[in-house]
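Keep in mind that this is a model prediction, so the values were computed, not measured. All values below come from the heavy atoms of this structure, side chains included, with hydrogens, waters and symmetry mates left out.
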Amino acid sequence: MNNLINIITPYKSNSIDLLDKTVETLAYQNIQDINHIIICDQSCNRIVDSYFKEIKCDFTSNYKFVILEATKKGIYSAINVGLNFVRNDSLYLVLGAGDLIFINKNHVFNMNNDIFIIPYSEYDSRDKIYTKMRSLYSGIPFCHNAIIFKKNKIRYNEKFKISSDYLYFIEYLKSKKFLSKLKIELVDSFKVLVETKNGISSKNRLLKNFENLKIVSYFFSFKGITFYLFFVVVRLINMFLKKITHKLIFW
């Protein structure tokens, strides 16, 4: 059993506002033990350091933080720096700067389980989580900040610009023999609110689909490619129908 969670936050900005939102939901709660790992590049290292020096006196004893410097460019390189800092017997979650996590009560993690999912809805049962897991052909089934992993030897592939979290997720499941013996734990005492909705994946869907297709073709061959292309076509049709419906309503 364990009630400590490592939260990895890569940060690259001259404005502290986004990071401040995330820290506020973590540093002032006295429920869950949190080790917050912030990875900065050289351009914002001093800003982040000054920010924490000013406000750390108000933090609760449950919150610990460390500031690390990114060794290379790219979000996945920064996450890997954070992963290397996490102890081998620990859990970790990647939480983007600006994204919020609310903790209603202390959650004691059962370390015999393989993966821990924060449900986005109160209706997300364990059966629904397993159903989403089976839709791996269409991309990562959960937002990355809803998945708590056990520390392992896998690292994020830095050659991918957008979809390395999808690749990491599949490799993690593969290390657990996919879904055959996977033990899932719901963390329903946590709630994640995604504030940063204009990330790179939403701005460059073409690149995201291309990278996802490469991953699907590698792990699931022709069957995976067919399913993923079908998924993309269905999504495009839905987007088109929504636009047409919106125009008809307000015509």
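- Here the CG atom belonging to Leu167 is positioned 10.0 Å from the CG atom belonging to Asn212, to the nearest 0.5 angstrom.
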Practice problem: Quick one: do Ile34 and Asn62 satisfy side-chain contact (heavy atoms from CB on, under 4.5 Å)? Show the steps, please. | Solution: CA-CA 6 Å; Ile34 289 173; Asn62 298 77; over 6 Å; no
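- Residues that satisfy the side-chain contact (heavy atoms from CB on, under 4.5 Å) test with Phe230, not counting sequence neighbours, are Val234.
- The main-chain N or O of Ile225 is never found under 3.5 Å from a side-chain atom of Ser217 such that the two would form a donor-acceptor pair.
- Checking side-chain atoms of Gln32 against main-chain N and O of His107 turns up a donor-acceptor pair under 3.5 Å.
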Practice problem: Report the C-alpha distance between Phe160 and Ile215 in whole Å, list the side-chain angles of each, state the deciding distance to 0.1 Å, and finish with yes or no for side-chain contact (heavy atoms from CB on, under 4.5 Å). | Solution: CA-CA 10 Å; Phe160 288 86; Ile215 294 168; 3.9 Å; yes
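- Around atom NZ of Lys64, more than 12 heavy atoms belonging to other residues, nucleotides or ligands sit under 6.0 Å away.
- The aromatic rings of Phe169 and Phe149 lie perpendicular to each other, with more than 60° between the two planes, well past the 30° mark.
- Looking at Glu211, its side chain does come within 3.5 Å of a backbone N or O of Ile162 through a donor-acceptor pair.
- To the nearest 0.5 Å, atoms CG (Leu91) and CD1 (Ile5) are separated by 6.5 Å.
- In this structure, Phe59 CZ and Asn30 CG are separated by 14.5 Å, a value rounded to the nearest 0.5 Å.
- Linking Ile, Leu, Val, Met, Phe, Trp and Tyr residues whenever their side-chain heavy atoms come within less than 4.5 Å leaves Ile31 and Leu4 in two separate clusters.
- Judged by the 6.0 Å and 45° rule, Lys176 forms a cation-pi pair with Tyr172.
- Between Asn113 atom CG and Ile148 atom CD1 the span is 11.5 Å, to the nearest 0.5 Å.
- Between Asp17 and Lys21 there is no salt bridge, since no side-chain nitrogen of the basic residue lies less than 4.0 Å from a carboxylate oxygen of the acidic one.
- Of all non-hydrogen atoms in Asn6 and Ser90, the two that sit nearest each other are ND2-CB, 3.1 Å.
- In terms of modelled atom types and a separation under 3.5 Å, the side chain of Asn152 and the main chain of Lys150 share a donor-acceptor contact.
- Distance check: Tyr92 OH to Ile147 CD1 gives 9.0 Å after rounding to the nearest 0.5 Å.
- With hydrogens and angles disregarded, no donor-acceptor distance shorter than 3.5 Å links the side chain of Tyr28 to the backbone of Val23.
- Checked against side-chain contact (heavy atoms from CB on, under 4.5 Å), His144 has the following partners two or more places apart in sequence or in another chain: Val94, Asp165.
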Practice problem: Go through Thr25 and Leu193 one step at a time and tell me if the side-chain contact (heavy atoms from CB on, under 4.5 Å) criterion holds. | Solution: CA-CA 11 Å; Thr25 62; Leu193 179 62; over 6 Å; no
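- Closest heavy-atom contact between Asn112 and Lys183: O-CD, 3.5 Å.
- Here the shortest heavy-atom pairing between Ile7 and His36 reads O-CD2, 3.2 Å.
- Proximity of Phe220 to Ile170: side-chain heavy atoms (C-beta onward) are separated by under 4.5 Å at one or more points.
- Here the shortest heavy-atom pairing between Ser175 and Ile154 reads OG-CD1, 4.2 Å.
- What you find for Val108 and Glu185 is that their closest heavy atoms are O-OE2, 3.8 Å.
- Formation of a donor-acceptor pair under 3.5 Å by the Lys151 side chain with backbone atoms of Val86 is found in this model.
- In the model, Tyr228 has a side-chain atom that pairs as donor or acceptor with a side-chain atom of Asn209 under 3.5 Å.
- Atom CZ of residue Phe65 and atom CG of residue Asn35 lie 10.5 Å apart, to the nearest 0.5 angstrom.
- Tyr156 meets the ring-ring contact (aromatic ring centres under 6.0 Å, His included) test with Tyr76, Tyr168; sequence neighbours excluded.
- In Lys191, the NZ atom is not crowded: 12 or fewer heavy atoms of neighbouring residues, nucleotides or ligands sit closer than 6.0 Å.
- The minimum heavy-atom distance between Arg155 and Glu171, with the atom names listed, is O-OE1, 4.4 Å.
- No donor-acceptor pair closer than 3.5 Å links the side chain of Ser189 to the backbone N or O of Asn106.
- Under the side chain to side chain contact (heavy atoms under 4.5 Å, CB included) test applied with Ile39, the options Val66, Leu83, Val81, Thr9 reduce to a single match, Val81.
- Each of Ile38, Asn84, Ile37 was evaluated against Leu68; a single residue qualifies, Ile37, per the side chain to side chain contact (heavy atoms under 4.5 Å, CB included) test.
- Heavy atoms of other residues, nucleotides or ligands lying less than 6.0 angstrom from CZ of Phe210 number 12 at most.
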